[in-house]
**Q** 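One structure, pasted below without further comment.
All chains are named by letter (A, B, ...) in the order of the sequence lines, taking the proteins before the strands, and each is independently numbered beginning at 1.
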Amino acid sequence: MLWVLALFLHVAGIFLLLGAEFLAAVQVIVYAGAILIFYLFVVMLLDLRDEISRPRFGTHWPLAAAVGLCFAAVALLVRTDRLASAGTVPAGGASHQGSLAAIGMALFGPYTLPFEIASLVLLAAIIGAVVLARRTAGS
Amino acid sequence: MIIPIGMVLGLSAVLFGIGVFGFLARRNIILMLISVEVMLNAVNLSLAGFSQYLSDIRGQILALFVIAVAAAEAGVGLGLVIALNRNKPGAAVADLTKLKW
């Protein structure tokens, strides 16, 4: 789990380098702060003591490695074919104002409906998680 | 400072491959869900890279929605893990054969 935290923080750093400051902050707060703590709570609650002694990967792991390598290779090939000949970076439209202000204007301007739908998805996930994890009267 | 888009997409592709490998090869259902998070992170990375490359804010907006859906997925997935663990202790996916005919 510690390495997943390292991965999330490094991705946040790359977001900063890409000029997406708000995305980096959301990455640290939501991923490293909320989702990872949630996973750690579940690991703590489940008491998986015998999981340490069992093998880490299934017996089919070479097949899985081949599939993963194929995915990465296809993505790399597509990248070099299409984008190597692309021109220079087009002159920025929204780069003179801050990234945060631009995101806020876009989120509450043309993207209000998807924003509200995302909040609805989160509400449904909260209710679904409570219903799933609730101890029923029969058990 | 401008990072070339090719490097960002290469890192994203490698990260996605690692996520696919982890999802397929892991035996623990919690670590499979973590691998899904790794894949979503790879997609977010390429979205942010395209957003910078095209100087368009929409890539970051889409990455924000992906993060929201990832949070929802983690909540429902871990609720399912807890419900499964109540029926059958342990988190190994090989043991979950109840729905097999």
**Q** Which Ile, Leu, Val, Met, Phe, Trp or Tyr residues join A:Ile29 in one cluster when any pair of side-chain heavy atoms under 4.5 Å counts as a link?
**A** none
**Q** Heavy-atom pairs under 4.5 Å with chain B: which of A:Pro114, A:Pro110, A:Ala118, A:Ala66 has the most?
**A** A:Pro114
**Q** Under 4.5 Å from any heavy atom of chain B, what part of A:Ile35 do you find: side chain, backbone, both or neither?
**A** side chain
**Q** For the pair B:Asn44 and A:Gln27, evaluate side chain to side chain donor-acceptor pair (under 3.5 Å) and give the outcome as yes or no after the intermediate values.
**A** CA-CA 10 Å; B:Asn44 276 344; A:Gln27 171 87 10; 4.7 Å; no
**Q** Considering only heavy atoms and a distance below 4.5 Å, find which of A:Phe22, A:Tyr111, A:Phe115 pairs most often with chain B.
**A** A:Tyr111
**Q** Flag the one option from B:Val69, B:Leu11, B:Leu78 with the top tally of heavy-atom pairs under 4.5 Å to chain A.
**A** B:Leu78
**Q** Quick one: do B:Arg27 and B:Met32 satisfy side-chain contact (heavy atoms from CB on, under 4.5 Å)? Show the steps, please.
**A** CA-CA 8 Å; B:Arg27 293 178 49 263; B:Met32 286 171 73; over 6 Å; no
**Q** Sort by residue number and list every residue of residues 37-44 of chain A having at least one heavy atom under 4.5 Å from chain B.
**A** A:Phe38, A:Tyr39, A:Val42, A:Val43
**Q** Can you tell me how the ring of B:Phe21 sits relative to the ring of A:Trp61, calling it parallel under 30°, perpendicular over 60° and tilted otherwise?
**A** perpendicular
**Q** Quick one: pull up CG in B:Leu64 and CZ in B:Arg58 and give me the separation to the nearest 0.5 Å.
**A** 15.0 Å
**Q** Quick check for you: to the nearest 0.5 Å, what is the distance between B:Asn85 atom CG and A:Leu46 atom CG?
**A** 4.0 Å
**Q** Indicate yes or no: at least one non-hydrogen side-chain atom of B:Glu37 is less than 4.5 angstrom from one of B:Glu73.
**A** yes
**Q** Can you say whether A:Leu107 sits under 4.5 Å from chain B via the side chain, the backbone, both, or neither, judging by heavy atoms?
**A** both
**Q** Please report the interatomic distance OG(B:Ser35) to CD1(B:Ile30), rounded to the nearest 0.5 Å.
**A** 12.0 Å
**Q** Among B:Asn41, B:Val14, B:Leu24, who wins on heavy-atom pairs under 4.5 Å with chain A?
**A** B:Asn41
**Q** Treating Ile, Leu, Val, Met, Phe, Trp and Tyr as nodes and any side-chain heavy-atom pair under 4.5 angstrom as an edge, say whether B:Leu15 and B:Val43 lie in one connected cluster.
**A** yes
**Q** Just give me the residue among B:Gly75, B:Gly49, B:Ala68 that pairs up with chain A most often, heavy atom to heavy atom, under 4.5 Å.
**A** B:Gly75
**Q** Would a single hydrophobic cluster contain both A:Leu7 and A:Leu9, if residues Ile, Leu, Val, Met, Phe, Trp and Tyr are joined by side-chain heavy-atom contacts under 4.5 Å?
**A** yes
**Q** Do A:Leu23 and A:Leu16 make a side-chain contact, defined as non-hydrogen atoms from C-beta onward lying under 4.5 Å apart?
**A** no
**Q** Tell me, for B:Met39 versus chain A, whether the close heavy atoms (under 4.5 Å) come from the side chain, the backbone, both or neither.
**A** neither
**Q** Need one label for B:Ile61: side chain, backbone, both or neither, based on atoms under 4.5 Å from any heavy atom in chain A.
**A** side chain
**Q** Who wins among A:Phe8, A:Phe15, A:Tyr31 for the most heavy-atom pairs under 4.5 Å with chain B?
**A** A:Tyr31
**Q** Can you tell which of B:Gly17, B:Pro4, B:Ala70 has the highest number of heavy-atom pairs within less than 4.5 Å of chain A?
**A** B:Gly17
**Q** Given a strict heavy-atom distance threshold of 4.5 Å, which part of B:Ala42 is in contact with chain A: side chain, backbone, both, or neither?
**A** neither
**Q** Which atoms of B:Ile18 come close to chain A, meaning under 4.5 Å heavy atom to heavy atom: side chain ones, backbone ones, both, or neither?
**A** neither
**Q** Would you call A:Leu100 and A:Glu21 a side-chain contact if the rule is heavy atoms closer than 4.5 Å?
**A** no
**Q** Does any backbone or side-chain atom of A:Ile117 lie under 4.5 Å from a heavy atom of chain B? Answer side chain, backbone, both or neither.
**A** neither
**Q** At a 4.5 Å cut-off on heavy atoms, which part of A:Ala34 comes close to chain B: side chain, backbone, both, or neither?
**A** neither
**Q** If I take atom CG from residue A:Leu76 and atom CG from residue B:Leu9, how far apart are they, to the nearest 0.5 angstrom?
**A** 9.0 Å
